Amino acid sequence: MSRIPRIVILGAGYGGIVTAIRLQKELNYNEADVTLVNKHDYHYITTHLHMPAAGTDNPENARVSILKLIDEFKIDFVKSTVVQIRPQEKKVILEEGTLSYDYLVIGLGGEPETFGIPGLKEYAMNIRSINSVRFIREHIEYQFAKFKREPSRTDYLTFVVGGAGFTGIEFVGELADRIPELCKEFDIDPSLVNIYNIEAAPTALPGFDPELVEYAMNVLKNKGVTFKIATAIKECTPEGVVLATGEEIKSATIIWTGGIRGNHMLEEAGFETMRGRIKVDDTLRIPGHENIYVLGDCSIVMSPEGRPYPPTAQISMQQAEVCAHNLVAQIRNSELQKFEYKPKGTVASLGRGEAIGIVGSRKIKGGVAAVMKKVIDLRYLYIIGGIPLVLKKGRF
Ligand SMILES: Cc1cc2nc3c(=O)[nH]c(=O)nc-3n(C[C@H](O)[C@H](O)[C@H](O)COP(=O)(O)OP(=O)(O)OC[C@H]3O[C@@H](n4cnc5c(N)ncnc54)[C@H](O)[C@@H]3O)c2cc1C
(Lines give C-alpha, C1' and ligand atoms only; values in the text may rest on other atoms or scores of the structure.)
Protein backbone atom coordinates (compact mmCIF):
# COMPACT_ATOMS: atom_id res chain seq x y z
CA MET A 1 0.00 0.00 0.00
CA SER A 2 1.94 3.05 -1.20
CA ARG A 3 -0.68 5.75 -0.52
CA ILE A 4 -1.74 6.81 2.95
CA PRO A 5 -3.97 4.11 4.48
CA ARG A 6 -7.58 5.07 5.16
CA ILE A 7 -9.14 4.16 8.49
CA VAL A 8 -12.91 4.54 8.78
CA ILE A 9 -14.58 4.37 12.20
CA LEU A 10 -18.34 3.75 12.23
CA GLY A 11 -20.10 5.12 15.30
CA ALA A 12 -18.92 7.64 17.87
CA GLY A 13 -20.15 5.79 20.94
CA TYR A 14 -17.83 4.51 23.66
CA GLY A 15 -15.87 2.25 21.31
CA GLY A 16 -15.69 4.62 18.35
CA ILE A 17 -14.89 7.87 20.12
CA VAL A 18 -12.19 6.38 22.34
CA THR A 19 -10.59 4.71 19.29
CA ALA A 20 -10.57 8.05 17.45
CA ILE A 21 -9.11 9.93 20.44
CA ARG A 22 -6.37 7.31 20.87
CA LEU A 23 -5.54 7.29 17.16
CA GLN A 24 -5.16 11.06 17.04
CA LYS A 25 -2.59 10.75 19.83
CA GLU A 26 -0.70 7.76 18.49
CA LEU A 27 -0.54 8.30 14.73
CA ASN A 28 2.21 10.42 13.24
CA TYR A 29 1.56 13.14 10.67
CA ASN A 30 0.44 11.61 7.33
CA GLU A 31 0.60 8.07 8.66
CA ALA A 32 -3.13 7.46 8.04
CA ASP A 33 -6.33 9.26 7.03
CA VAL A 34 -8.86 8.73 9.78
CA THR A 35 -12.59 9.34 9.25
CA LEU A 36 -15.17 9.08 12.01
CA VAL A 37 -18.81 8.65 10.96
CA ASN A 38 -21.74 9.16 13.30
CA LYS A 39 -25.41 9.82 12.70
CA HIS A 40 -25.43 12.78 15.12
CA ASP A 41 -22.85 15.51 15.59
CA TYR A 42 -22.68 14.63 19.27
CA HIS A 43 -21.48 11.70 21.35
CA TYR A 44 -23.98 10.57 23.95
CA ILE A 45 -23.11 9.14 27.30
CA THR A 46 -25.35 6.09 27.15
CA THR A 47 -24.69 5.17 30.76
CA HIS A 48 -26.47 8.41 31.83
CA LEU A 49 -29.53 8.01 29.63
CA HIS A 50 -31.79 6.50 32.31
CA MET A 51 -31.74 9.89 34.09
CA PRO A 52 -32.99 12.16 31.26
CA ALA A 53 -35.42 9.39 30.27
CA ALA A 54 -37.03 9.59 33.71
CA GLY A 55 -36.72 13.38 33.74
CA THR A 56 -34.32 13.57 36.71
CA ASP A 57 -31.63 15.16 34.55
CA ASN A 58 -31.44 17.29 31.44
CA PRO A 59 -30.64 15.42 28.18
CA GLU A 60 -28.03 18.10 27.48
CA ASN A 61 -25.90 16.68 30.30
CA ALA A 62 -25.74 13.34 28.52
CA ARG A 63 -24.29 14.58 25.24
CA VAL A 64 -21.10 16.26 24.05
CA SER A 65 -20.31 17.79 20.67
CA ILE A 66 -17.99 15.42 18.77
CA LEU A 67 -15.97 18.34 17.46
CA LYS A 68 -15.11 19.22 21.06
CA LEU A 69 -13.59 15.76 21.54
CA ILE A 70 -11.55 15.29 18.38
CA ASP A 71 -8.84 17.27 16.65
CA GLU A 72 -10.24 18.12 13.23
CA PHE A 73 -6.73 18.46 11.83
CA LYS A 74 -6.20 14.77 12.56
CA ILE A 75 -9.66 13.20 12.23
CA ASP A 76 -12.30 13.92 9.58
CA PHE A 77 -15.75 13.87 11.08
CA VAL A 78 -18.67 12.94 8.82
CA LYS A 79 -22.17 13.40 10.22
CA SER A 80 -24.19 10.80 8.37
CA THR A 81 -26.06 7.55 8.84
CA VAL A 82 -24.38 4.34 7.72
CA VAL A 83 -26.78 2.27 5.65
CA GLN A 84 -24.62 -0.59 4.40
CA ILE A 85 -21.22 -2.19 4.90
CA ARG A 86 -19.69 -3.85 1.82
CA PRO A 87 -16.63 -5.77 3.03
CA GLN A 88 -15.88 -7.29 -0.39
CA GLU A 89 -15.52 -3.84 -1.95
CA LYS A 90 -14.01 -2.27 1.20
CA LYS A 91 -16.74 0.35 1.09
CA VAL A 92 -19.31 1.79 3.44
CA ILE A 93 -22.51 3.29 2.07
CA LEU A 94 -23.77 6.35 3.90
CA GLU A 95 -27.05 8.20 3.48
CA GLU A 96 -25.05 10.90 1.72
CA GLY A 97 -22.33 9.11 -0.23
CA THR A 98 -19.80 6.31 -0.02
CA LEU A 99 -16.54 5.89 1.88
CA SER A 100 -13.72 3.54 0.91
CA TYR A 101 -11.47 2.12 3.58
CA ASP A 102 -8.35 0.08 4.08
CA TYR A 103 -9.18 -0.50 7.75
CA LEU A 104 -12.66 -0.44 9.23
CA VAL A 105 -13.73 -0.11 12.86
CA ILE A 106 -17.36 -1.00 13.57
CA GLY A 107 -18.73 0.59 16.75
CA LEU A 108 -22.36 1.12 15.81
CA GLY A 109 -23.76 -0.03 19.17
CA GLY A 110 -26.65 -2.35 19.80
CA GLU A 111 -30.34 -2.52 19.03
CA PRO A 112 -33.16 -3.70 21.29
CA GLU A 113 -33.59 -7.48 21.36
CA THR A 114 -37.30 -8.26 21.55
CA PHE A 115 -36.97 -12.09 21.57
CA GLY A 116 -39.89 -12.20 19.14
CA ILE A 117 -42.36 -11.00 21.80
CA PRO A 118 -45.35 -9.76 19.81
CA GLY A 119 -46.03 -6.03 19.98
CA LEU A 120 -42.78 -4.99 21.71
CA LYS A 121 -41.33 -3.41 18.59
CA GLU A 122 -44.53 -1.52 17.88
CA TYR A 123 -45.69 -0.40 21.33
CA ALA A 124 -42.70 -0.29 23.68
CA MET A 125 -40.16 2.50 24.00
CA ASN A 126 -36.40 1.99 24.42
CA ILE A 127 -33.71 3.93 26.26
CA ARG A 128 -31.14 4.08 23.47
CA SER A 129 -30.34 7.62 22.35
CA ILE A 130 -30.87 11.28 23.16
CA ASN A 131 -33.90 11.34 20.85
CA SER A 132 -35.45 8.29 22.47
CA VAL A 133 -34.99 9.61 26.03
CA ARG A 134 -36.37 13.04 25.14
CA PHE A 135 -39.44 11.23 23.82
CA ILE A 136 -39.82 9.04 26.93
CA ARG A 137 -39.44 12.02 29.25
CA GLU A 138 -42.10 14.05 27.41
CA HIS A 139 -44.36 11.00 27.15
CA ILE A 140 -44.25 10.39 30.91
CA GLU A 141 -45.08 13.98 31.73
CA TYR A 142 -47.92 13.98 29.20
CA GLN A 143 -49.53 10.96 30.93
CA PHE A 144 -49.88 13.02 34.10
CA ALA A 145 -51.50 15.86 32.16
CA LYS A 146 -53.85 13.42 30.42
CA PHE A 147 -54.87 11.80 33.69
CA LYS A 148 -56.10 15.15 34.97
CA ARG A 149 -58.56 15.26 32.04
CA GLU A 150 -59.60 11.58 32.31
CA PRO A 151 -59.27 10.52 35.96
CA SER A 152 -60.74 7.07 35.28
CA ARG A 153 -57.73 6.18 33.11
CA THR A 154 -55.37 4.73 35.71
CA ASP A 155 -53.36 3.21 32.84
CA TYR A 156 -51.95 6.70 32.29
CA LEU A 157 -50.34 6.47 35.73
CA THR A 158 -49.14 2.88 35.33
CA PHE A 159 -45.56 2.48 34.13
CA VAL A 160 -44.23 -0.88 33.00
CA VAL A 161 -40.50 -1.49 32.63
CA GLY A 162 -39.66 -4.77 30.93
CA GLY A 163 -36.32 -6.18 32.05
CA ALA A 164 -34.66 -5.91 35.46
CA GLY A 165 -31.08 -5.91 34.21
CA PHE A 166 -28.85 -2.88 34.76
CA THR A 167 -30.75 -0.52 32.48
CA GLY A 168 -34.18 -1.50 33.83
CA ILE A 169 -33.10 -1.24 37.47
CA GLU A 170 -31.32 2.09 36.98
CA PHE A 171 -34.33 3.50 35.14
CA VAL A 172 -36.95 2.44 37.72
CA GLY A 173 -34.74 3.97 40.43
CA GLU A 174 -34.83 7.32 38.62
CA LEU A 175 -38.50 7.05 37.72
CA ALA A 176 -39.42 6.37 41.34
CA ASP A 177 -37.55 9.57 42.28
CA ARG A 178 -39.33 11.56 39.59
CA ILE A 179 -42.89 10.46 40.42
CA PRO A 180 -43.31 12.55 43.61
CA GLU A 181 -42.20 15.68 41.69
CA LEU A 182 -44.69 14.99 38.90
CA CYS A 183 -47.48 14.25 41.39
CA LYS A 184 -46.82 17.57 43.07
CA GLU A 185 -46.71 19.44 39.79
CA PHE A 186 -49.98 17.91 38.54
CA ASP A 187 -51.81 17.69 41.91
CA ILE A 188 -52.06 13.92 41.80
CA ASP A 189 -52.18 11.55 44.77
CA PRO A 190 -48.91 9.52 44.56
CA SER A 191 -50.72 6.36 45.68
CA LEU A 192 -52.47 6.31 42.28
CA VAL A 193 -49.15 5.76 40.46
CA ASN A 194 -47.78 2.27 39.81
CA ILE A 195 -44.33 1.28 38.56
CA TYR A 196 -43.91 -2.37 37.56
CA ASN A 197 -40.54 -3.90 36.82
CA ILE A 198 -41.02 -7.24 35.06
CA GLU A 199 -38.25 -9.78 34.55
CA ALA A 200 -38.42 -13.24 32.98
CA ALA A 201 -35.22 -14.55 34.65
CA PRO A 202 -35.47 -16.04 38.15
CA THR A 203 -33.84 -12.94 39.66
CA ALA A 204 -33.41 -9.23 39.08
CA LEU A 205 -29.89 -8.25 37.89
CA PRO A 206 -29.12 -11.81 36.73
CA GLY A 207 -25.52 -12.82 37.46
CA PHE A 208 -25.02 -10.13 40.12
CA ASP A 209 -24.24 -10.78 43.78
CA PRO A 210 -27.49 -12.06 45.44
CA GLU A 211 -27.02 -10.04 48.64
CA LEU A 212 -26.68 -6.80 46.62
CA VAL A 213 -29.64 -7.74 44.43
CA GLU A 214 -31.78 -8.15 47.56
CA TYR A 215 -30.58 -4.78 48.84
CA ALA A 216 -31.40 -3.13 45.49
CA MET A 217 -34.87 -4.64 45.36
CA ASN A 218 -35.63 -3.51 48.91
CA VAL A 219 -34.50 0.05 48.17
CA LEU A 220 -36.64 0.15 45.04
CA LYS A 221 -39.67 -1.49 46.68
CA ASN A 222 -39.51 1.16 49.41
CA LYS A 223 -39.60 3.79 46.67
CA GLY A 224 -42.80 2.23 45.31
CA VAL A 225 -41.59 -0.19 42.62
CA THR A 226 -43.50 -3.47 42.24
CA PHE A 227 -41.36 -6.34 40.95
CA LYS A 228 -42.65 -9.28 38.99
CA ILE A 229 -39.65 -11.57 38.77
CA ALA A 230 -39.56 -14.91 36.93
CA THR A 231 -42.50 -13.55 34.97
CA ALA A 232 -42.24 -13.27 31.21
CA ILE A 233 -44.04 -10.65 29.15
CA LYS A 234 -46.05 -12.66 26.62
CA GLU A 235 -47.35 -9.79 24.55
CA CYS A 236 -47.30 -6.04 24.38
CA THR A 237 -50.44 -4.34 23.10
CA PRO A 238 -51.62 -0.74 22.63
CA GLU A 239 -53.37 -1.19 26.02
CA GLY A 240 -50.46 -2.59 28.03
CA VAL A 241 -48.81 -5.97 28.57
CA VAL A 242 -50.04 -9.53 28.91
CA LEU A 243 -47.87 -11.70 31.15
CA ALA A 244 -47.16 -15.42 30.81
CA THR A 245 -49.25 -15.91 33.96
CA GLY A 246 -52.26 -14.59 32.05
CA GLU A 247 -52.34 -11.35 34.04
CA GLU A 248 -52.88 -8.20 32.01
CA ILE A 249 -51.47 -4.86 33.13
CA LYS A 250 -53.11 -1.87 31.52
CA SER A 251 -50.48 0.77 30.90
CA ALA A 252 -49.93 3.62 28.50
CA THR A 253 -46.16 3.46 29.07
CA ILE A 254 -44.08 0.38 28.34
CA ILE A 255 -40.31 0.76 28.40
CA TRP A 256 -38.40 -2.28 27.16
CA THR A 257 -34.88 -2.79 28.53
CA GLY A 258 -34.83 -6.59 28.36
CA GLY A 259 -32.06 -7.23 25.86
CA ILE A 260 -29.56 -5.98 23.32
CA ARG A 261 -28.48 -7.39 19.98
CA GLY A 262 -25.89 -6.15 17.51
CA ASN A 263 -26.56 -3.73 14.69
CA HIS A 264 -28.68 -5.27 11.90
CA MET A 265 -26.16 -4.12 9.25
CA LEU A 266 -23.63 -6.72 10.42
CA GLU A 267 -25.90 -9.62 9.45
CA GLU A 268 -26.81 -7.87 6.21
CA ALA A 269 -23.11 -7.49 5.35
CA GLY A 270 -22.79 -11.29 5.41
CA PHE A 271 -20.75 -11.62 8.60
CA GLU A 272 -21.39 -14.55 10.89
CA THR A 273 -23.31 -13.23 13.88
CA MET A 274 -24.85 -14.41 17.13
CA ARG A 275 -27.87 -12.23 18.00
CA GLY A 276 -26.50 -9.70 15.56
CA ARG A 277 -23.09 -9.56 17.29
CA ILE A 278 -19.76 -10.74 15.90
CA LYS A 279 -17.44 -13.03 17.81
CA VAL A 280 -14.11 -11.29 17.28
CA ASP A 281 -10.66 -12.89 17.48
CA ASP A 282 -8.23 -12.02 20.26
CA THR A 283 -7.01 -8.97 18.34
CA LEU A 284 -10.65 -7.72 18.02
CA ARG A 285 -10.86 -8.42 14.29
CA ILE A 286 -13.46 -10.44 12.41
CA PRO A 287 -12.02 -13.91 11.68
CA GLY A 288 -11.19 -13.93 7.95
CA HIS A 289 -11.25 -10.11 7.73
CA GLU A 290 -7.93 -8.91 9.04
CA ASN A 291 -8.73 -5.27 8.27
CA ILE A 292 -12.05 -5.05 10.16
CA TYR A 293 -12.29 -4.46 13.90
CA VAL A 294 -15.55 -4.72 15.84
CA LEU A 295 -16.11 -3.06 19.21
CA GLY A 296 -18.64 -2.72 21.98
CA ASP A 297 -22.23 -3.92 21.68
CA CYS A 298 -21.61 -5.13 18.11
CA SER A 299 -18.94 -7.58 19.30
CA ILE A 300 -18.75 -10.71 21.41
CA VAL A 301 -15.71 -11.38 23.57
CA MET A 302 -15.59 -14.66 25.47
CA SER A 303 -14.60 -14.90 29.13
CA PRO A 304 -12.01 -17.53 30.18
CA GLU A 305 -15.02 -19.62 31.33
CA GLY A 306 -16.27 -19.59 27.71
CA ARG A 307 -19.26 -17.27 28.26
CA PRO A 308 -19.72 -13.98 26.39
CA TYR A 309 -19.00 -10.94 28.56
CA PRO A 310 -22.07 -8.72 28.94
CA PRO A 311 -21.90 -5.70 26.60
CA THR A 312 -20.87 -2.67 28.64
CA ALA A 313 -19.29 0.74 28.22
CA GLN A 314 -16.35 -0.52 30.25
CA ILE A 315 -15.50 -3.34 27.85
CA SER A 316 -16.09 -1.08 24.82
CA MET A 317 -13.54 1.43 26.10
CA GLN A 318 -10.93 -1.20 26.87
CA GLN A 319 -11.46 -2.67 23.40
CA ALA A 320 -11.01 0.79 21.87
CA GLU A 321 -7.57 1.17 23.46
CA VAL A 322 -6.42 -2.16 22.01
CA CYS A 323 -8.09 -1.48 18.67
CA ALA A 324 -6.25 1.83 18.26
CA HIS A 325 -2.98 0.20 19.26
CA ASN A 326 -3.52 -2.64 16.76
CA LEU A 327 -4.46 -0.29 13.89
CA VAL A 328 -1.21 1.61 14.40
CA ALA A 329 0.69 -1.69 14.70
CA GLN A 330 -0.83 -3.00 11.45
CA ILE A 331 0.12 0.19 9.62
CA ARG A 332 3.66 0.00 11.03
CA ASN A 333 3.94 -3.75 10.48
CA SER A 334 4.59 -4.36 14.13
CA GLU A 335 3.10 -6.84 16.55
CA LEU A 336 -0.59 -6.74 17.44
CA GLN A 337 -1.78 -6.79 21.03
CA LYS A 338 -4.19 -9.42 22.33
CA PHE A 339 -7.33 -8.15 24.02
CA GLU A 340 -7.82 -9.26 27.56
CA TYR A 341 -10.76 -7.79 29.44
CA LYS A 342 -9.87 -6.49 32.89
CA PRO A 343 -13.14 -5.93 34.77
CA LYS A 344 -12.73 -2.95 37.08
CA GLY A 345 -16.05 -3.46 38.84
CA THR A 346 -19.68 -2.65 38.25
CA VAL A 347 -21.91 -0.13 39.96
CA ALA A 348 -25.65 0.24 39.35
CA SER A 349 -27.48 3.34 40.48
CA LEU A 350 -30.80 2.98 42.33
CA GLY A 351 -31.77 6.62 42.07
CA ARG A 352 -30.79 9.58 44.23
CA GLY A 353 -28.01 8.74 46.70
CA GLU A 354 -28.37 4.97 46.37
CA ALA A 355 -26.45 2.36 44.40
CA ILE A 356 -24.95 -1.11 44.61
CA GLY A 357 -21.70 -2.35 43.19
CA ILE A 358 -18.69 -4.57 43.22
CA VAL A 359 -15.32 -2.88 42.98
CA GLY A 360 -12.44 -5.34 42.87
CA SER A 361 -13.70 -8.02 45.23
CA ARG A 362 -15.46 -5.50 47.52
CA LYS A 363 -19.21 -5.21 47.69
CA ILE A 364 -20.47 -1.67 48.16
CA LYS A 365 -23.96 -0.26 48.61
CA GLY A 366 -25.90 2.84 49.61
CA GLY A 367 -24.25 6.26 49.62
CA VAL A 368 -20.72 4.88 49.18
CA ALA A 369 -21.74 3.09 46.00
CA ALA A 370 -23.56 6.21 44.76
CA VAL A 371 -20.35 8.23 45.21
CA MET A 372 -18.40 5.52 43.38
CA LYS A 373 -20.88 5.71 40.50
CA LYS A 374 -20.19 9.45 40.24
CA VAL A 375 -16.43 8.83 40.30
CA ILE A 376 -16.79 6.34 37.41
CA ASP A 377 -18.84 8.86 35.43
CA LEU A 378 -16.32 11.63 36.04
CA ARG A 379 -13.45 9.35 35.08
CA TYR A 380 -15.08 8.68 31.72
CA LEU A 381 -15.58 12.39 31.07
CA TYR A 382 -11.92 12.91 31.94
CA ILE A 383 -10.79 10.17 29.53
CA ILE A 384 -12.66 11.64 26.57
CA GLY A 385 -12.50 15.35 27.29
CA GLY A 386 -10.06 16.06 30.12
CA ILE A 387 -10.72 18.49 33.00
CA PRO A 388 -12.78 20.98 30.89
CA LEU A 389 -15.38 18.32 30.11
CA VAL A 390 -15.44 17.12 33.73
CA LEU A 391 -16.18 20.68 34.85
CA LYS A 392 -18.79 21.22 32.15
CA LYS A 393 -20.75 17.97 32.25
CA GLY A 394 -19.78 16.37 35.58
CA ARG A 395 -22.62 15.89 38.06
CA PHE A 396 -21.03 16.46 41.45
C1 LIG B 1 -29.47 3.32 30.34
C2 LIG B 1 -28.19 2.56 30.18
C3 LIG B 1 -27.31 2.50 31.25
C4 LIG B 1 -26.09 1.82 31.10
N5 LIG B 1 -25.23 1.79 32.16
C6 LIG B 1 -24.01 1.22 32.02
C7 LIG B 1 -23.06 1.28 33.08
O8 LIG B 1 -23.34 1.81 34.15
N9 LIG B 1 -21.83 0.75 32.85
C10 LIG B 1 -21.49 0.17 31.67
O11 LIG B 1 -20.34 -0.27 31.52
N12 LIG B 1 -22.38 0.07 30.65
C13 LIG B 1 -23.62 0.58 30.78
N14 LIG B 1 -24.54 0.52 29.75
C15 LIG B 1 -24.16 -0.18 28.50
C16 LIG B 1 -23.31 0.73 27.63
O17 LIG B 1 -23.89 2.00 27.51
C18 LIG B 1 -23.11 0.12 26.23
O19 LIG B 1 -22.59 -1.17 26.38
C20 LIG B 1 -22.15 1.00 25.42
O21 LIG B 1 -22.76 2.24 25.15
C22 LIG B 1 -21.75 0.32 24.12
O23 LIG B 1 -20.85 1.16 23.45
P24 LIG B 1 -20.70 1.10 21.85
O25 LIG B 1 -19.51 1.91 21.52
O26 LIG B 1 -20.78 -0.29 21.37
O27 LIG B 1 -22.02 1.78 21.30
P28 LIG B 1 -22.81 3.10 21.68
O29 LIG B 1 -22.22 3.78 22.86
O30 LIG B 1 -24.24 2.69 21.75
O31 LIG B 1 -22.56 4.02 20.40
C32 LIG B 1 -22.99 3.70 19.12
C33 LIG B 1 -22.85 4.96 18.25
O34 LIG B 1 -23.14 4.61 16.90
C35 LIG B 1 -24.03 5.59 16.35
N36 LIG B 1 -24.79 4.93 15.29
C37 LIG B 1 -25.66 3.90 15.43
N38 LIG B 1 -26.14 3.54 14.24
C39 LIG B 1 -25.57 4.34 13.33
C40 LIG B 1 -25.65 4.45 11.91
N41 LIG B 1 -26.42 3.65 11.19
N42 LIG B 1 -24.92 5.41 11.29
C43 LIG B 1 -24.10 6.24 12.00
N44 LIG B 1 -23.99 6.18 13.34
C45 LIG B 1 -24.70 5.24 14.00
C46 LIG B 1 -24.88 6.04 17.53
O47 LIG B 1 -25.46 7.30 17.29
C48 LIG B 1 -23.82 6.06 18.65
O49 LIG B 1 -23.15 7.30 18.68
C50 LIG B 1 -25.77 1.18 29.87
C51 LIG B 1 -26.67 1.24 28.79
C52 LIG B 1 -27.87 1.92 28.94
C53 LIG B 1 -28.83 1.98 27.77
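Just follow the structure's listing: the first ligand is 1, and inside any ligand the first atom is 1. What you see is a predicted model; the values in this text were computed from it and never measured.
For Met372, the CE atom counts as loosely surrounded, since its 6.0 Å shell holds 12 or fewer non-hydrogen atoms of other residues, nucleotides or ligands. Within 6.0 Å of atom CZ in Phe115, more than 12 heavy atoms from other residues, nucleotides or ligands are found, so the atom counts as buried in its surroundings. Within a 6.0 Å sphere centred on NZ of Lys392, other residues, nucleotides and ligands contribute 12 heavy atoms or fewer. A 6.0 Å sphere centred on CZ of Arg379 holds no more than 12 heavy atoms belonging to other residues, nucleotides or ligands. Atom NZ of Lys146 has more than 12 heavy atoms from other residues, nucleotides or ligands within 6.0 Å. More than 12 heavy atoms of other residues, nucleotides or ligands lie within 6.0 Å of CD in Glu268, so this atom counts as buried by the packing criterion.
Every atom of ligand 1 is numbered from 1 in the order shown, and the set under 4.0 Å from a heavy atom of Pro311 is 19 (O). With ligand atoms numbered from 1 in the order given, ligand 1 contributes 47 (O) to contacts under 4.0 Å with heavy atoms of His40. Counting the atoms of ligand 1 from 1 in the order shown, those under 4.0 Å from a heavy atom of Ile127 are 1 (C), 53 (C). Remark: ligand 1 atoms within the under-4.0 Å shell around heavy atoms of Gly107 are 32 (C), 33 (C), 34 (O). For ligand 1 and Glu170, the ligand atoms under 4.0 Å from any heavy atom of the residue are 3 (C), 5 (N). Within ligand 1, counting atoms from 1 as listed, the ones closer than 4.0 Å to a heavy atom of Ser316 are 22 (C), 23 (O). Close approach of ligand 1 to Ala12 (heavy-atom distance below 4.0 Å) involves ligand atoms 33 (C), 49 (O). Close contacts between ligand 1 and Gln314 involve ligand atoms 11 (O) [criterion: under 4.0 Å to a heavy atom].
When only non-hydrogen protein atoms are considered, atom 45 (C) of ligand 1 lies nearest to Leu108 CD2, 3.6 Å. Nearest to atom 35 (C) of ligand 1 among the protein's heavy atoms is Asn38 OD1, 3.1 Å. Of all protein heavy atoms, the one closest to atom 20 (C) of ligand 1 is Tyr14 CD1, 3.8 Å. Nearest non-hydrogen protein atom to atom 14 (N) of ligand 1 is Thr47 CG2, 3.9 Å. Nearest protein heavy-atom neighbour of atom 27 (O) of ligand 1: Gly109 CA, 3.3 Å. Scanning all protein heavy atoms for the shortest distance to atom 25 (O) of ligand 1 gives Gly15 N, 2.8 Å. For atom 34 (O) of ligand 1, the closest non-hydrogen atom of the protein is Gly11 CA, 3.5 Å. Scanning the protein for heavy atoms near atom 28 (P) of ligand 1, the closest one is Gly13 CA, 3.9 Å.
The heavy atom nearest to atom 1 (C) of ligand 1, out of those in Asn131, Ile17, Thr167, is found in Thr167. The residue from Ala62, Gly296, Ala313 that puts a heavy atom closest to atom 16 (C) of ligand 1 is Ala313. In the candidate list Leu10, Val78, Asp297, Asp297 is nearest to atom 22 (C) of ligand 1, counting heavy atoms.
Residues Tyr123 and Val242 do not share a hydrophobic cluster, defined by chaining ILVMFWY side chains whose heavy atoms lie under 4.5 Å apart. Residues Tyr196 and Leu205 fall into different hydrophobic clusters, defined by Ile, Leu, Val, Met, Phe, Trp and Tyr side chains chained together at heavy-atom separations under 4.5 Å.
Using a 4.0 Å cut-off between heavy atoms, Lys373 contacts ligand 1 through its side chain alone, with no backbone atom that close. The proximity of His48 to ligand 1, defined as any non-hydrogen pair under 4.0 Å, does not occur for either the backbone or the side chain. Proximity of Met265 to ligand 1, defined as any heavy-atom pair under 4.0 Å, is confined to the side chain (atoms from C-beta onward). By the criterion of a heavy-atom distance under 4.0 Å, the backbone of Ser80, and not its side chain, is placed next to ligand 1. Proximity of Phe166 to ligand 1, defined as any heavy-atom pair under 4.0 Å, is not found for any part of the residue.
Judged by distance alone, the side chains of Glu305 and Ser303 do bring a donor and an acceptor atom under 3.5 Å apart.
Using a 4.0 Å cut-off between charged side-chain N and carboxylate O, Arg153 and Glu239 make no salt bridge. Look at Arg275 and Glu113 and you find a salt bridge, because one of the NZ, NE, NH1 or NH2 atoms lies within 4.0 Å of a carboxylate O, short of that distance. Classification of Arg3 and Asp102 as a salt-bridged pair holds, one side-chain N sitting under 4.0 Å from a carboxylate O.
Residue Cys298 places no heavy atom under 4.0 Å from ligand 1. Distances from ligand 1 to the non-hydrogen atoms of Tyr44 include at least one value under 4.0 Å.
Classification of the Tyr380-His43 ring pair by plane angle, with boundaries at 30° and 60°, yields tilted. Using bins of under 30°, 30° to 60° and over 60° for the plane-to-plane angle, the ring pair His40/Tyr44 lands in the tilted bin.
Residue Met274 belongs to a hydrophobic cluster whose other members are Ile300, Met302, with links defined by side-chain heavy atoms closer than 4.5 Å.
For His289, the ring pair (Phe, Tyr, Trp, His ring centres under 6.0 Å) partners two or more places apart in sequence, or in a different chain, are Phe271.
Of the N or O atoms in Tyr42, none lie within a sub-3.5 Å distance of an N or O in ligand 1. Residue Val82 has at least one N or O atom closer than 3.5 Å to an N or O atom of ligand 1. Residue Thr81 has no nitrogen or oxygen atom sitting less than 3.5 Å from a nitrogen or oxygen atom of ligand 1, judged on distance alone.
Note that Arg63 lies in the cation-pi zone of Tyr42, set by a 6.0 Å cut-off to the ring centre and a 45° limit from the axis.
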